[in-house]
Amino acid sequence: MITMADVNQMDFEQFIERFGNVVEHCPLAAGAIWASRPFSDVNDIHECVSTFLDSLPYHGERSTSCVSTFLDSLPYHGERSTSCVSTFLDSLPYHGERSTPCVSTFLDSLPYHGERSTSCVSTFLDSLPYHGERSTSCVSTFLDSLPYHGERSTSCVSTFLDSLPYHGERSTSCVSTFLDSLPYHGERITSCVSTFLDSLPYHGERSTSCVSTFLDSLPYHGERSTSCVSTFLDSLPTRITSCVSTFLDSLPYHGERSTSCVSTFLDSLPYHGERSTSCVSTFLDSLPYHGRQAVLRVHPDLAGRVAQQGTLTSESAGEQRSAGLTELTEEERQQLTDQNQRYKAKFGFPFVVCARQNKKAAILSGLEERLRNDEDDELRTGLEEVKKITYLRLVDIVGPAEGRPETAED
Ligand SMILES: NC(=O)N[C@H]1NC(=O)NC1=O
């Protein structure tokens with residue numbers, strides 16, 4: 001064991017060497033937290049690692065891909081799809097100044113090919129007028145043009161803006177300033193999307209309930225939106241239908257039509273109910289989550305092939321031993337192998353649990369139970385387990401914090 005003073009004096013290489021495996025096979029995590037020295041105690045280090053894990057994006061290339069996928073999926077026919085999107089935007093209420101000009105500038109600025117969509121989102125943001133405080137005024141103009149229903153539609157616009165990809169240099173400060181000023185309503189996407197749709201001008205019966213029904217009916221994954229998009233469109237009153245369907249009709253048709261791009265778009269909306277008001281957290285929470293999958297994927301299966309080959313890290317080997325996984329009966333080994341396979345087939349990443357806090361019977365029954373969850377739950381649960389594993393590995397290196405037991409209890 002080494003002292004905190006020793007830890008705080010380590011150079012980068014020494015730090016990676018000693019802490020490179022506190023997140024299994026992830027020296028990157030150690031590298032990411034090194035700059036946060038000096039650490040006060042093990043909890044401080046653990047908090048930095050956890051913050052880093054929470055900030056991991058969904059794909060290596062981060063959330064630009066969902067927005068790009070969506071934008072790239074728009075058809076190109078010379079004039080491209082701007083006109084139908086504008087039709088939709090034009091259906092928003094107008095009060096003289098309105099916000100369509102800056103939105104149209106954005107749409108008009110869309111370049112045609114592969115390189116496109118990240119730059120056009122930035123172009124859009126860059127096109128907002130700058131007056132010291134920058135974009136708040138034109139965004140407010142836009143918001144002001146929306147009809148007001150007590151709470152107004154700010155939260156859905158912030159959800160949308162939160163989902164925009166982030167590029168270090170970009171116009172984050174003004175967007176954050178704007179976003180920070182927006183109220184936050186835990187109920188999130190479905191309600192704010194409906195709030196947004198509800199805010200569209202209407203005369204007569206309007207579409208609140210059918211839009212909510214549509215959103216509520218969205219199943220979680222790939223298979224999703226075809227039938228519910230049609231149901232949605234079918235249920236809309238003619239006014240809104242025509243502009244929404246013009247928009248959806250403009251999406252490319254490849255047999256399955258626009259389901260994947262619509263769901264990609266919906267998937268790109270941020271998804272953490274607990275979101276914080278600070279701009280850094282808002283940014284972090286809006287990241288999609290492939291990076292988190294990667295953290296889970298580098299973990300070896302419990303009692304799996306790597307364990308049988310004897311090539312586990314010493315940390316993992318000790319953890320698996322402490323759970324009794326080196327003493328499985330043939331029947332138990334077969335059960336665990338089978339469950340691990342089913343888990344990976346369902347979620348695309350391995351089952352991860354903090355082995356030191358479990359015994360083999362609890363692992364076998366817990367795995368069966370977690371197989372019933374959905375991917376979001378498992379990504380979150382798996383990552384929480386990684387944090388527990390990490391905490392215990394950190395305690396092995398630097399000892400527990402004062403007054404704190406050597407467990408990873410919350
Ligand atoms: N798959 C899995 O949970 N592996 C991890 N769990 C643990 O405690 N150590 C590991 O390597």
Side-chain angles (χ1 to χ4, degrees), residues 16-30 42-43 45-46 49-50 52-54 56 289-328 332-400 405-410:
I16 297 281
E17 174 71 25
R18 196 67 187 86
F19 291 84
N21 239 8
V22 294
V23 178
E24 183 81 0
H25 293 308
C26 200
L28 182 67
V42 68
N43 293 341
I45 309 180
H46 185 246
V49 178
S50 301
F52 169 72
L53 291 175
D54 285 340
L56 288 177
Y289 43 70
H290 267 166
R292 298 172 190 220
Q293 287 192 325
V295 169
L296 297 180
R297 284 201 189 104
V298 295
H299 281 77
D301 279 350
L302 294 172
R305 190 173 43 80
V306 181
Q308 280 159 33
Q309 285 169 347
T311 50
L312 288 172
T313 58
S314 61
E315 290 91 341
S316 182
E319 289 153 1
Q320 300 203 27
R321 192 177 319 110
S322 83
L325 295 175
T326 45
E327 288 156 14
L328 292 174
E332 288 167 336
R333 179 182 311 287
Q334 196 47 53
Q335 184 186 345
L336 189 52
T337 305
D338 172 62
Q339 287 174 318
N340 274 333
Q341 273 168 2
R342 284 194 286 135
Y343 186 97
K344 255 190 264 187
K346 177 167 180 184
F347 302 114
F349 47 79
F351 170 75
V352 174
V353 69
C354 178
R356 277 203 267 182
Q357 292 185 331
N358 289 278
K359 290 293 173 206
K360 63 181 182 182
I363 290 174
L364 291 168
S365 61
L367 208 170
E368 197 57 43
E369 205 159 293
R370 280 175 52 185
L371 267 165
R372 289 195 277 273
N373 288 340
D374 68 22
E375 189 196 331
D376 259 2
D377 287 336
E378 276 310 298
L379 209 49
R380 253 191 305 277
T381 305
L383 213 72
E384 289 310 309
E385 293 297 315
V386 170
K387 290 177 192 172
K388 292 177 193 169
I389 296 167
T390 300
Y391 180 79
L392 293 174
R393 291 183 184 187
L394 283 168
V395 168
D396 287 343
I397 299 174
V398 296
E406 290 188 37
T407 67
E409 298 308 326
D410 291 331

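Whatever order the structure lists ligands and atoms in, that order sets their numbers, starting from 1.
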For Pro300, the atoms of ligand 1 under 4.0 Å from one of its heavy atoms are 1 (N), 2 (C), 4 (N), 11 (O)
Smallest heavy-atom separation, Leu325 atom then Ala303 atom, equals O-CB, 4.1 Å
Val353-ligand 1 polar pair, N/O distance under 3.5 Å = yes
Short version for Val352: what comes under 4.0 Å of ligand 1, heavy atoms counted, is both
Distance-only N or O hit between ligand 1 and Ala355, under 3.5 Å: yes
In terms of heavy-atom contacts, Leu328 and Lys360 come closest through CD2-CD, 3.6 Å
Taking only non-hydrogen atoms of Cys354 and a 4.0 Å limit, the atoms of ligand 1 in range are 8 (O)
Salt-bridge test for Arg342 and Glu368: reply yes if a basic N is under 4.0 Å from a carboxylate O, no otherwise.
yes
Heteroatom proximity flag, Ser316 to ligand 1, N/O under 3.5 Å: yes
Of all heavy-atom pairs linking Leu312 and Ala317, the shortest is CD1-CA, 3.7 Å
Run the numbers on Leu379 and Phe349 for side chain to side chain contact (heavy atoms under 4.5 Å, CB included), then give the verdict. CA-CA 9 Å; Leu379 209 49; Phe349 47 79; 3.6 Å; yes
Closest to atom 7 (C) of ligand 1 (heavy atoms only, candidates Gln357, Glu319, His299, Glu315) is Glu319
- Message: Closer than 3.5 angstrom, by distance alone: can the side chain of Glu385 be matched with the main-chain N or O of Cys354 as a donor-acceptor pair?
- Response: yes
- Please indicate whether any nitrogen or oxygen in Asp301 is less than 3.5 Å from any nitrogen or oxygen in ligand 1. no
